[in-house]
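Below: the structure, in structure tokens.
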Protein chains: 2
Amino acid sequence: MSSSMAPGNSPTMRDVAAHAAVSPMTVSRTLRGDPRVSPEMRERVLASVEALRYRRNDLARGLRTGRSSGLLGLVVTNLSNPFYSELALGVESLASAGGMRVVIGNTGGDLDRERQLVDDMASRRVDGIIVVPAGNDHSHLDPAALHGLPVVLATRPPSGQDIDCVVVDDFGGSRRATAALVAQGHHRIGFLGLGRSLWTGAERLRGHCAALEEAGLAVEDALLRSVAPDAGAAETLALELLGRDDPPTALFAANNRNTVGAYRAIAETGSFAALAGFDDLPLADLFAAPISVVTYDTGEVGRRAAELLLERIAGEQQPAHPRIVTIGTTLKRYQPLRGPASG
Amino acid sequence: MSSSMAPGNSPTMRDVAAHAAVSPMTVSRTLRGDPRVSPEMRERVLASVEALRYRRNDLARGLRTGRSSGLLGLVVTNLSNPFYSELALGVESLASAGGMRVVIGNTGGDLDRERQLVDDMASRRVDGIIVVPAGNDHSHLDPAALHGLPVVLATRPPSGQDIDCVVVDDFGGSRRATAALVAQGHHRIGFLGLGRSLWTGAERLRGHCAALEEAGLAVEDALLRSVAPDAGAAETLALELLGRDDPPTALFAANNRNTVGAYRAIAETGSFAALAGFDDLPLADLFAAPISVVTYDTGEVGRRAAELLLERIAGEQQPAHPRIVTIGTTLKRYQPLRGPASG
DNA sequence: CTGTTAGCGCGTTCAG
DNA sequence: CTGAACGCGCTAACAG
């Protein structure tokens, strides 16, 4: 009765062993399913385990076995964004399938916070980390700088380091969306972009321009705008574009926030401009006006990232070169609901 | 040079000590900020730490100090639901503020999975668990059955056990929404509920009925429907209600899925029925028709839950009785955007 | 089949 | 101010 049953103190193997009048080793073996334990012993031990509601300490176990924590780190910029929560679900499902758990960290887009989160997770001896980088400096994410701790970047490619990554086909998706607008007869298309410093922003702009050029259309700088990540900023810029003497007949927005802003601008001005945007807008078929969006399987991003990570973790032979997985996109058209009144 | 620098093997304190030609103890003290270390020693140690990119093993540290893992468990039914991801963000923000990390687990609504997740987290020695219970059996969530491990239930009250919880004012929110419909002149209101077995479903029904009764209106069983958690099921039931000889002039939907189904049904039939629903529908001002929703601060649910949990964890004296925190609701009206065309 | 010894990486305790 | 011994909870490696 040395260290037992104080409220809040879990019993140890020794407590169980004492209760069952066996050695701790027998308890250990029983709990690990070692076959060389006689049925009677096994029964006696299990009875004591139940009686004491004993639960093996995975931390101590991991320390001894050398096997690490069974934890995957997941560092995202904004968990409340449905995009990242679906990604998180994708990661969780694969992790769980491998008996691992996921530790999350939210950076809020702050690079320093990202650094300290990664550091903290490394100290907790997670088996690997999936990161949606907040900035362009990825030096602290290089496995080489982390004693070989596997890292996978999600939705952004590494900048200079050898790191696995899963990215969305930003270029192709934007190209297709713009091409569709062109096919509908639009020759002047306003573009509401992200900062060009973001890889994702640059790619989406590139795709947009590529589609224009392939259609033999000029890329007018006056129609290309960059939007800060603010809420109403996109709306303001869209209003500006639509208010020009020679307004565009269509808008392409480089992410969901921009798309919403553009939609509001169009609705407010009563413009008939067509609208397309990157990222899905789940209930857009309930909107008053039609809209096209570039969608992709967000959960798949998480699953593939987890896959790459788990391969590295389990990996006997490590791939020499970092791998890049690209998730494809689909152009989806949302048409307003029509009641029988109009049919 | 015994256990050092194999790729994938982190250095230990001994490695650092060897590198700095001091005893491991000096390294330990330096890293913990123990003042009784001479500046020169301190420098030498820190230099070696940097050189080896050493990172202290928090697992081993926790084992020795007795302080637990610094981990909070968060078990939800469906992470991809924006509701729970905001809740998760709320939990994460408070946990981070206290230097803790969050381990997530997704049950998919499966009670067995919930049990094994809680079990697993207990084995990992998390300091506390926040659970959105998948069912009505909470016996495995009772701290008494978990050696005093603190537990907080989110969005559902405990059923029989002494467990802290944070719930939404489901009753009040529903009552207010229905009262608003009544005030608009609606006397026959269809109700699209959840199963009555869910606490949340029962409360929302109760609130709806209370509002009717307070207005002196009869509660017609024929207008009360229960909807399975399927996607289109709510739509089907709503169509049924609207197709009656004596259809309701308004619908109240008990959650966001039901609201969407009801909205679709109304749009399809060209009905003029008014619509209100529990849970926010973020971009509903872009919808073609107006709609009222009962909203509440989802992040606040997570933050308050984390607060209760952290209090229990830090707690010198434990509150004898379980605590219930109720999060208030707001009735929010979404009006379709109006361009100057109609003004 | 079971028990004993030793040690995972670290920190407390007590000597120097 | 620094180091040596011991132990956190658990499990390999070796006895018996």
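First the proteins, then the strands, lettered A, B, ... as listed; each starts at 1.
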Exercise. Restricting to pairs with a member in residues 113-141 of chain B, which pass ring pair (Phe, Tyr, Trp, His ring centres under 6.0 Å), not counting sequence neighbours?
Worked result: none
Exercise. To the nearest Å, how far apart are Leu63(A) CG and dG7(D) C1'?
Worked result: 12 Å
Problem set entry | Between C1' of dG9(C) and CZ of Arg56(B), the distance in whole Å | 12 Å
Exercise. Partners of Glu86(B) by side-chain contact (heavy atoms from CB on, under 4.5 Å), sequence neighbours excluded?
Worked result: Ser80(A), Thr298(B)
Seminar exercise, completed: Residue pairs meeting side chain to side chain donor-acceptor pair (under 3.5 Å), one or both in residues 40-50 of chain B, sequence neighbours left out, come to none
Seminar exercise, completed: Its contact letters, B for base, S for sugar-phosphate only and - for none at protein heavy atoms under 4.0 Å, make nucleotides 2-7 of chain C read BBB-BB
For this session: State, to the nearest 10°, the angle formed by the axis through the first five base pairs of the helix from dC1(C)-dG16(D) to dG16(C)-dC1(D) and the axis through its last five.
Result: 40°
Exercise. Leu59(B) CG to dG9(D) C1': how many Å, rounded?
Worked result: 12 Å
Exercise. For Met13(A) and dA12(D), what is the distance between atoms CE and C1' respectively, to the nearest whole Å?
Worked result: 13 Å
For this session: For Leu52(A) and dG9(D), give me the distance from atom CG to atom P, rounded to whole Å.
Result: 14 Å
Problem set entry | Spacing of Leu31(A) atom CG relative to dA12(D) atom C1', expressed in whole Å | 17 Å
For this session: Check whether any side-chain N or O of Arg61(A) sits under 4.0 Å from OP1 or OP2 of dG9(D), and answer yes or no.
Result: no
Problem set entry | Pair listing, ring pair (Phe, Tyr, Trp, His ring centres under 6.0 Å) test, anchored in residues 61-115 of chain A, at least two apart | Phe83(A)-Tyr296(A)
Exercise. Is there a residue in residues 116-123 of chain B whose heavy atoms reach under 4.0 Å of DNA chain C, and which residues are they?
Worked result: none
Exercise. What's the CG-C1' distance between Asp34(A) and dA12(D), to the nearest Å?
Worked result: 12 Å
Problem set entry | Listed partners of Asp137(A) passing salt bridge (charged side-chain N to carboxylate O under 4.0 Å, His left out), at least two apart | Arg115(A)
For this session: Go through the structure and list residues passing side-chain contact (heavy atoms from CB on, under 4.5 Å) with Ala154(A), not counting sequence neighbours.
Result: Leu87(A), Ile130(A), Val132(A), Val301(A)
Exercise. With no hydrogens and no angle check, do the side chains of Arg124(A) and Ser69(B) hold a donor and an acceptor under 3.5 Å apart?
Worked result: no
For this session: Go through the structure and list residues passing side-chain contact (heavy atoms from CB on, under 4.5 Å) with Asp110(B), not counting sequence neighbours.
Result: Asp112(B), Arg113(B)
Exercise. Which pairs with one or both residues in residues 10-60 of chain A pass ring pair (Phe, Tyr, Trp, His ring centres under 6.0 Å), sequence neighbours excluded?
Worked result: none
Exercise. Quick one: side-chain contact (heavy atoms from CB on, under 4.5 Å) partners of Arg53(A), sequence neighbours excluded?
Worked result: Ala145(B), His147(B)
Problem set entry | Below 4.0 Å: OP1/OP2 of dC10(D) and any side-chain N or O of Tyr54(A) | yes
For this session: Could you work out which one of dG9(D), dT12(C), dT11(D) sits closest to the side chain of Arg32(B)?
Result: dT12(C)
Exercise. Is any side-chain heavy atom of Ser123(B) closer than 4.5 Å to a side-chain heavy atom of Arg56(A)?
Worked result: no
